[in-house]
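Bear in mind the structure is a predicted one, so any value in this text is a computation, not a measurement.
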Amino acid sequence: MMDSTDAEPSTQSDSKEDSAPSTSNASAQGEDGPEPKKASLKRAAGKPTNAKAKKQKKARVSRPAQLGYTIHQGEDMLLVISSSTSQYDGSAWTPPKKGSRKKKLTKGKKKTVQIKKKKTVRAKPKPANNPVAKENEDTNLFVPQTATDHRWGESLPEEVLINIFQMLVTQDGAVPFLCRAGRVCRLWNAAASSPVLWRKVTVGHCWIAPGKTQLPKTEKKIKDTFYWLAQNRFSQLRDFSLCHWTKNVSYAVEVVSQFCPHLRSLTLSYCTGLTASAFHCLGLHSRSLQSINLQYSEFQVEGLLDYLENHGRQIKQILFTHGLKNDRLLATITRGTCPDLELLEVNTKLDSKDCELPVCIQALQTACPKLKTFRMLNVRPLHKTMRTGADSTLGFPLLEELCIATTSFSYMTDKDLRDILFGSTRLRVLDLRGCSRITPSGLATLPCHELECLFWGQYFSSSIGLSSPKAGLHIVTEKWNQTLQQLDIANQLFSAEDLEIAMSHLAQATEADTLRSLNLSGTRITPPALRSVIGQMTALSYLNLTSCRYLPRGVKRIYRGQEDIRQLLDKLE
């Protein structure tokens, strides 16, 4: 067998020498030539022992050696081009081969171990050879620490922090800001625990999203948290509001009434489930309660009626939403259960169809002589007469604001308005939006001489643009030209001549800084009439000229600010 193996390479070498002549020495060719030929024969036979030797042989060939320079990767992640005598010698950078990473990752554990070793060797820092990188590391990690270097929160006085929190609470509310601020540090906890910051609290969706149901664990957590807040934070609570609660409303009201002896105002907005026990608890503990706001909330009417029968004398403000059951509340008030009432507001939703509310104005005037604000928003009052037939001789002597605005139509006439305001000499605000039956002559007969705000626009009437021109606006402006600050006559179809006379009366005011807001949208105002009032009123900051057909193009819009209005005056001139 030794002879056969030795004879095989000799015959192949002889045949190659015959076919390809060589210029080299014969003895040297016999020593070096057989090894690579023998390796190639073994690769063809499928033996993997010499595969690694081939790769090592290819790795010996380096392209940078032929060019005379090398590319190195320094510790500062920069590529350095230098000669063979560079300080980065031995760390030459070579471009990776395409697909080499995938092959190394898929070929087994031994290959992956070699890859990791190569990466660690390349990423190993050399602080001795790279003084620039060492200097950068030192500058980045150096943080001066002295004995007097404290954070601003450690030396800030607690009173200053309380004042800062007071500004945030006024803007965003006490909950949940103070609850989160108290978890920052001890100083913030002490400042957030100050009872001064918890005088006005509004609680909304703090635990669950709107419309989501409460699990038993969540409900218990809500009750425990609310109980802890009332016991530890609400000692000086004055105004409390609860919004969008569908469960635990009675529990919250009862807890607040027990731990908050200074409670003055209670507001429930879009809440359901307020029972008679909660009103009973308010009567026992909340002796300072003066305001109850139950708008857009569902509550047990009998419980509130019993509360007013027993404790109505301390109530000064009542606000509720019109409804079939809630109308009994107004009847109870007219019987004299709240003699010190100062604010009464009845509202309803804009899309409500049945919004007629029977009310006896004479009985209400007798029962609430201290009433200052009377609002019936989107509610059409139906006047009822007293059974005795006697009329009230006092009216509302302290009334300052009357609002009977509606989105559809109103039955209010000049006589009805005069029956309400015949004794109201202190009236400041009069809102008659939607009351199309009120005339300028009816307004002129009112006893108030210092009216500041008159809202008389017609926004939702279907007869806008179809009625005949009106007259008499100059009577209204002549009477209150010295005191009017806001005037809204949107979509009132007064004639152009009448508007010009009315604007001239406003311009004749002795004080030029009286009128501040003027809404003439949809009217027949003309440029001459507009120039007279704009040129005189220096405090005018709001002017609505939308849909004014008698004005030129480019000026029919809303103007805000004195500078914007002055530019309009230049265009009109």
Side-chain angles (χ1 to χ4, degrees), residues 153 156-207 221-245 248-269 271 274 277-295 297 299 304 307 310-319 338 340-343:
L156 187 68
E158 184 177 339
E159 293 78 8
V160 176
L161 193 60
I162 291 176
N163 292 333
I164 297 175
F165 287 174
Q166 183 66 47
M167 299 177 185
L168 296 174
V169 166
T170 304
Q171 182 178 358
D172 300 331
V175 177
F177 168 72
L178 293 179
C179 299
R180 296 171 179 173
R183 302 176 63 182
V184 174
C185 61
R186 292 183 178 180
L187 176 63
W188 283 42
N189 190 305
S193 303
S194 177
V196 180
L197 302 176
W198 296 88
R199 291 182 177 179
K200 184 177 181 180
V201 176
T202 300
V203 182
H205 298 293
C206 296
W207 289 276
K221 182 179 179 181
I222 292 173
K223 290 183 177 181
D224 295 343
T225 304
F226 200 89
Y227 186 85
W228 185 89
L229 287 174
Q231 190 176 15
N232 297 275
R233 296 290 185 268
F234 293 172
S235 60
Q236 295 187 15
L237 184 64
R238 301 291 193 273
D239 305 325
F240 177 71
S241 300
L242 203 64
C243 304
H244 298 276
W245 275 42
N248 306 320
V249 177
S250 296
Y251 175 81
V253 174
E254 292 175 4
V255 170
V256 167
S257 62
Q258 292 176 5
F259 291 97
C260 306
H262 305 287
L263 185 66
R264 297 181 306 180
S265 174
L266 175 64
T267 302
L268 301 181
S269 180
C271 295
L274 187 62
S277 61
F279 291 108
H280 180 69
C281 192
L282 286 174
L284 292 178
H285 303 284
S286 301
R287 299 293 184 179
S288 301
L289 187 63
Q290 299 178 359
S291 175
I292 299 178
N293 187 349
L294 302 175
Q295 291 181 341
S297 296
F299 55 91
L304 180 56
Y307 175 81
N310 300 321
H311 308 281
R313 291 186 174 273
Q314 70 184 40
I315 301 299
K316 295 183 179 181
Q317 297 181 2
I318 295 180
L319 302 90
C338 304
D340 295 335
L341 193 66
E342 297 179 358
L343 186 148

Over all atoms of both residues, closest heavy-atom pair of [X] and [Y]:
X	Y	value
Ile318	Cys338	CD1-SG, 3.9 Å
Gln166	Leu197	OE1-CD2, 3.2 Å
Pro261	Ser235	CD-O, 4.2 Å

How many angstroms lie between [atom1] in [X] and [atom2] in [Y], if you round to the nearest 0.5 Å?
X	Y	atom1	atom2	result
Leu168	Asn163	CG	CG	11.5 Å
Asp172	Phe165	CG	CZ	12.5 Å
Ser265	Gln317	OG	CD	7.0 Å
Asn232	Ser193	CG	OG	8.5 Å
Arg199	Asp239	CZ	CG	10.5 Å
Arg238	Leu263	CZ	CG	9.5 Å

So do [Y] and [X] actually touch side chain to side chain, heavy atoms under 4.5 Å?
X	Y	result
Cys281	Val253	no
Trp198	Leu237	no
Leu343	Lys316	no
His285	Glu254	no
Arg233	Trp228	yes
Val249	Phe299	no
Ile292	Leu282	no
Cys179	Leu229	yes

Among Leu242, Asn293, Leu289, Leu294, which residue meets the side chain to side chain contact (heavy atoms under 4.5 Å, CB included) test with Leu266?
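Single pass found, and it is Leu289.
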
Parallel, tilted or perpendicular: which fits the ring planes of Phe234 and Phe226, with parallel below 30° and perpendicular above 60°?
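Answer is perpendicular, since the angle exceeds 60°.
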
Is a side-chain N or O of [X] found less than 3.5 angstrom from the main chain of [Y], in a donor-acceptor match?
X	Y	value
Gln314	Ser286	yes
Thr267	Ser241	no
Arg264	His262	no

Tell me if the centroids of the rings in Tyr227 and Phe259 come within less than 6.0 Å of each other.
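Yes.
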
Stepwise, does the side-chain contact (heavy atoms from CB on, under 4.5 Å) test hold for Thr202 with Cys243?
CA-CA 8 Å; Thr202 300; Cys243 304; 4.0 Å; yes

For the pair Leu268 and Trp245, evaluate side-chain contact (heavy atoms from CB on, under 4.5 Å) and give the outcome as yes or no after the intermediate values.
CA-CA 9 Å; Leu268 301 181; Trp245 275 42; over 6 Å; no

Check against side-chain contact (heavy atoms from CB on, under 4.5 Å), Leu274 and Phe279:
CA-CA 8 Å; Leu274 187 62; Phe279 291 108; 3.4 Å; yes

Residues in side-chain contact (heavy atoms from CB on, under 4.5 Å) with Glu158, at least two apart?
Ile162, Leu187, Ala190, Ala191

